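Take a look at this one; I'll ask things after.
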Amino acid sequence: MREPSSEATTTAEPGGEPSAEQVATQLASVVSRLLRRLRTTSSDSLLTPTQRSVLSRLGREGPATTAALARAEYVRPQSMRLTLGALESQGLVERAPDPADGRKSVMSITDVGRTTLGAVRAAKHNWLAEAIAAELDGAERRTVAEATALLDRLVEQ
């Protein structure tokens, strides 16, 4: 088990309660580090973070045009074309004519793309589960579970 970081222990106000701003700062920092760590656990998948994000979006939301994906991912259409080209060359997405406008194409995830995405997600989940099992005792796991429920409530606002 690890000791809390000095940053976490020195931010309490005189009454012992951390301010909302202090908790927000610490939480954002920890979540950012956790996300970076989760991204590195699946680096052998040969997908960039942008490619993983686009593949995940196509798997979750269904087929989309390059322009729609660019807007959703906050990138230029030219950048999205490059990302989709790389995914298409790996067989992870496929192109079909847009039924509403034959001049456009719609991109969708392939079975190989779904399998790859599943492997990436499994690697992340397995790393996190193993880290929790190795680093946290039962009481700490309960605390994390309670904190997770609270974070879920915040996200759903």
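Residues: numbered from 1 along the sequence shown. Not measured: the values here are computed from a predicted model.
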Worked verdict on Ile109 versus Leu92 for side-chain contact (heavy atoms from CB on, under 4.5 Å): CA-CA 6 Å; Ile109 190 169; Leu92 304 176; 6.0 Å; no
Expected output: side-chain Gln22 to main-chain Ser19 donor-acceptor under 3.5 Å: yes
Sequence-distant partners of Asp101, salt bridge (Lys or Arg N to Asp or Glu O under 4.0 Å), two or more places apart: Arg103
Just by distance, no angles: are the side chains of Ser32 and Arg36 close enough, under 3.5 Å, to form a donor-acceptor pair? yes
Which atom names give the shortest non-hydrogen contact between Leu69 and Val54, and what distance separates them? CD1-CG1, 4.3 Å
Arg121 and Ser56: side chain donor to acceptor below 3.5 Å: yes
Taking only distance into account, with no hydrogens and no angle test, what donor-acceptor pairs under 3.5 Å do side-chain atoms of residues 143-157 form with protein atoms, sequence neighbours excluded?
from: Thr143; atom 1: OG1; to: Ala139; atom 2: O; distance (Å): 3.0
from: Thr148; atom 1: OG1; to: Val144; atom 2: O; distance (Å): 2.7

Any idea which heavy atoms bring Arg81 and Thr66 closest together, and the distance? CG-CG2, 3.6 Å
Mind checking whether Leu47 and Leu87 have side chains closer than 4.5 Å, heavy atoms only? yes
Smallest separation among heavy atoms of Gln51 and Ala86, with atom names: NE2-CB, 3.1 Å
Donor-acceptor check, side chain of Thr115 to backbone of Asp111, threshold 3.5 angstrom: yes or no? yes
For the CE atom of Met107 and the CG atom of Leu84, what is their distance to the nearest 0.5 Å? 5.0 Å
Using side-chain heavy atoms (C-beta onward) and a distance below 4.5 Å, is Arg52 in contact with Arg39? yes
Please determine, by modelled atom types, if Glu73 and Thr50 share a side-chain donor-acceptor pair under 3.5 angstrom. no
Does any N or O in the side chain of Arg95 come within less than 3.5 Å of the main-chain N or O of Ser105, such that one atom is a donor and the other an acceptor? no
Within the structure provided, determine whether Arg37 and Thr40 are in side-chain contact (heavy-atom separation under 4.5 Å). yes
